[in-house]
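Below is one structure; the comments refer to it alone.
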There are 2 protein chains.
Amino acid sequence: MVLVANDSSHWRAFDDNEVSHSVAHYLMAIDSLRTSNGYARVTDVAGHLNISRGAASLALSQLKERGLVKEDPNRFLLLTEEGERLARSIEHNFVLLHRFFEDVLGVPAETAREDACKMEHLLSPESSEGLLRFLQALLSKDKLTKALIAEMNGDETICTQSGRCPLCEPVGECLSLTPIDAPAPHETRKRKRSAV
Amino acid sequence: MVLVANDSSHWRAFDDNEVSHSVAHYLMAIDSLRTSNGYARVTDVAGHLNISRGAASLALSQLKERGLVKEDPNRFLLLTEEGERLARSIEHNFVLLHRFFEDVLGVPAETAREDACKMEHLLSPESSEGLLRFLQALLSKDKLTKALIAEMNGDETICTQSGRCPLCEPVGECLSLTPIDAPAPHETRKRKRSAV
DNA sequence: TCCATTTGTTAACTAAGCATAACATCTGTT
DNA sequence: AACAGATGTTATGCTTAGTTAACAAATGGA
């Protein structure tokens, strides 16, 4: 499998994302608490995320320094404009992913929710935009959608052992085969090494 | 936005994933190096991932303890059966996600690669299976696919300000609006607090 | 065989993110 | 006004995952 992008050193882009998974949830917690309760305090955020007040206090201080969170005159927590923008964008991505997994892929609701929760903060604006347009196009064509999803959930495997289908061919191997197929005996270059 | 699942404490499932992002790449590095070079050593993995030999050495020791990596009689690195299974599954997910983003959503290749790289290890088996079937069904219907993707890339916005489309209605708000819409004035409960 | 280089390991440090627990400071009731 | 309880902060420690730098050991050429 050569197409897979292991060969770069860009894999660490994962870490220098604009917001980490936990930051995403701090922001959404404030948004959610203010919507449901009208206000958000450190304790509320901690309770909402099921973490200690100490952890919440420290994290929220950093978010204030980063300019994503501030306090109102009564010292309740608020999102800044930037924080608000981020929170909304992540919530937006969550909805898109969740609906894609559940409604289109037919994944069980709880699993769809978990997957969406894990990926919501990682989706690029381009993919988010694409997914929105895709879902709109797909869901606006009722018959077409149903035909497609029915076919998908049918029993016929489109790609047989022959490995000839539009999905597999560009990859060079059949993606329908379970990921654990042949162990591929590699050539071992001889090199002297004592056993420890 | 009430449907968003902030209200649980399950959000930390992100951390106790079977494999972390970095573990995923250690496994794939070994797989990739053995395929291209025939062998993999600590130094090779470090070079491949662009990290220090020290970091690679420590991480690989832990992976040996976890039973995902072992050594051959000449002390070259190998994946165990379990490590192989995980690596293949992650590579599999990468291909599916990458093709979905690039070919279906029309996201630029490099962005599609980055997004797939960030999410490959987070996709549940259910979503992975669903995505496979979906791509197969979609790509097996050429005309249908083209119509759909053309529509998606067209200029018409399906959901107007009225907020009536099959995508937005169950959510209760229009997903086409930019995530930064109205700041939604929350009611602030009065509570005495001195200003510091 | 000797020795320089490469390779692998280990120690000490950083940073993010959590936990506990002690302490400080509000809040509101009596 | 005083005190109990709720709330916020700070100190210490853990884990993961990286860094440098020092050291140990294996490799292979002269």
Side-chain angles (χ1 to χ4, degrees), chain A residues 9-27 29-30 33 37 39-66 68-77 121 189-196, chain B residues 9-27 29-30 33 37 39-66 68-77 121 189-196:
Chain A
S9 56
H10 299 91
W11 66 279
R12 281 208 264 168
F14 185 84
D15 297 310
D16 40 56
N17 224 298
E18 190 174 9
V19 297
S20 67
H21 182 71
S22 77
V23 164
H25 282 272
Y26 279 108
L27 299 180
I30 293 175
L33 286 165
N37 301 350
Y39 64 96
R41 299 166 306 170
V42 171
T43 297
D44 303 318
V45 171
H48 192 80
L49 297 180
N50 207 34
I51 59 174
S52 69
R53 286 180 324 205
S57 177
L58 288 173
L60 288 165
S61 299
Q62 290 175 305
L63 292 182
K64 285 175 198 161
E65 282 169 22
R66 279 179 61 179
L68 301 180
V69 169
K70 59 184 177 184
E71 289 181 352
D72 76 7
N74 287 327
R75 299 194 49 207
F76 289 114
L77 295 168
H121 68 295
R189 218 163 76 170
K190 276 166 201 161
R191 188 140 168 273
K192 284 166 208 157
R193 273 191 174 208
S194 60
V196 175
Chain B
S9 57
H10 300 88
W11 65 280
R12 280 209 265 166
F14 185 84
D15 297 311
D16 40 58
N17 225 299
E18 190 175 8
V19 298
S20 67
H21 181 71
S22 76
V23 164
H25 282 272
Y26 280 108
L27 299 179
I30 293 176
L33 285 165
N37 301 350
Y39 64 95
R41 297 165 308 171
V42 171
T43 296
D44 303 317
V45 171
H48 192 80
L49 297 180
N50 208 33
I51 59 175
S52 68
R53 288 185 325 226
S57 178
L58 287 173
L60 288 165
S61 299
Q62 290 175 306
L63 293 182
K64 285 174 198 161
E65 280 170 24
R66 280 179 60 181
L68 301 180
V69 169
K70 60 184 178 184
E71 290 180 351
D72 76 6
N74 287 327
R75 298 193 50 208
F76 288 115
L77 295 167
H121 68 296
R189 219 162 76 170
K190 277 166 201 162
R191 187 139 169 275
K192 284 165 207 157
R193 273 190 174 209
S194 60
V196 174

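Since we're looking at a predicted model, the values are computed, not measured. Per chain, numbering begins at 1; letters A, B, ... match sequence-line order. Heavy-atom basis, side chains included; hydrogens, waters and symmetry copies ignored.
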Fill in the blank from the handout: Taken to the nearest whole Å, CG/A:Leu60 to C1'/D:dT9 is 12 Å

Practice task
Starting at atom NE2 of A:His25, determine the distance to atom P of C:dA16, rounded to an integer number of angstrom.
Solution key: 19 Å

Completion exercise
In whole angstroms, the gap separating P of D:dT7 from CG of A:Asn37 amounts to 12 Å

Problem - Distance, rounded to the nearest Å, where B:Leu63 contributes CG and C:dT9 contributes P - result: 13 Å

Completion exercise
Taken to the nearest whole Å, CG/B:Asn17 to P/D:dA17 is 12 Å

Exercise for the section: Identify whether any heavy atom of A:Thr43 sits under 4.0 Å from a base atom; if not, whether one sits that close to sugar-phosphate; answer base, sugar-phosphate or nothing. Expected result: sugar-phosphate

Practice task
Tell me what B:Tyr26 touches on the nucleic acid: a base, only sugar-phosphate, or nothing, going by heavy atoms under 4.0 Å.
Solution key: sugar-phosphate

Practice task
Between D:dT9, C:dA19, D:dT7, spot the one nearest the side chain of B:Arg12, thanks.
Solution key: C:dA19

Exercise for the section: Between C:dC18, C:dT9, D:dT9, spot the one nearest the side chain of B:Val42, thanks. Expected result: C:dT9

Handout entry: Distance, rounded to the nearest Å, where A:Phe76 contributes CZ and C:dT27 contributes P
Key = 9 Å

Exercise for the section: For A:Ser52, answer base if it contacts any base atom (sugar-phosphate contacts may also be present), sugar-phosphate if it contacts only those atoms, and nothing otherwise; contact means non-hydrogen atoms under 4.0 Å. Expected result: base

Exercise for the section: Determine whether B:Val23 and B:His121 make a side-chain contact, defined as any pair of heavy atoms from C-beta on separated by less than 4.5 Å. Expected result: no

Handout entry: pair B:Glu71-B:Lys64: side-chain heavy atoms closer than 4.5 Å
Key = yes

Fill in the blank from the handout: Judged by nearest nucleotide, the residue sitting upstream toward the 5' end of DNA chain C, A:His21 or A:Arg53, is A:His21

Handout entry: B:Ala55, nearest nucleotide to its side chain (from D:dT10, C:dT9, D:dG18)
Key = D:dG18

Handout entry: Residue pair A:Phe76 / A:Leu33, side-chain heavy-atom distance below 4.5 Å
Key = no

Problem - Distance in angstrom units between B:Ile51 CD1 and C:dT7 P, rounded - result: 16 Å

Exercise for the section: Looking at every strand, decide which applies to A:Ser20 at a 4.0 Å heavy-atom threshold: base, sugar-phosphate, or nothing. Expected result: sugar-phosphate

Completion exercise
DNA chain D nearest-nucleotide lookup for B:Leu58 and B:Gln62: closer to the 5′ end is B:Gln62

Exercise for the section: Flag the pair B:Trp11 / A:Ile51 as yes when at least one side-chain heavy-atom distance between them is below 4.5 Å, and no otherwise. Expected result: yes

Problem - Given DNA chain C, 5'-ward residue of the pair A:Ser22 and A:Gly54, judged by closest heavy atom - result: A:Ser22

Exercise for the section: Quickly work out the B:Leu49 CG to D:dG18 P distance and round it to whole Å. Expected result: 8 Å

Problem - Residue of the set B:Thr43, B:Asn37, B:Asp44 for which side-chain hydrogen bond (donor to acceptor under 3.5 Å, both in side chains) holds with B:Arg41 - result: B:Asp44

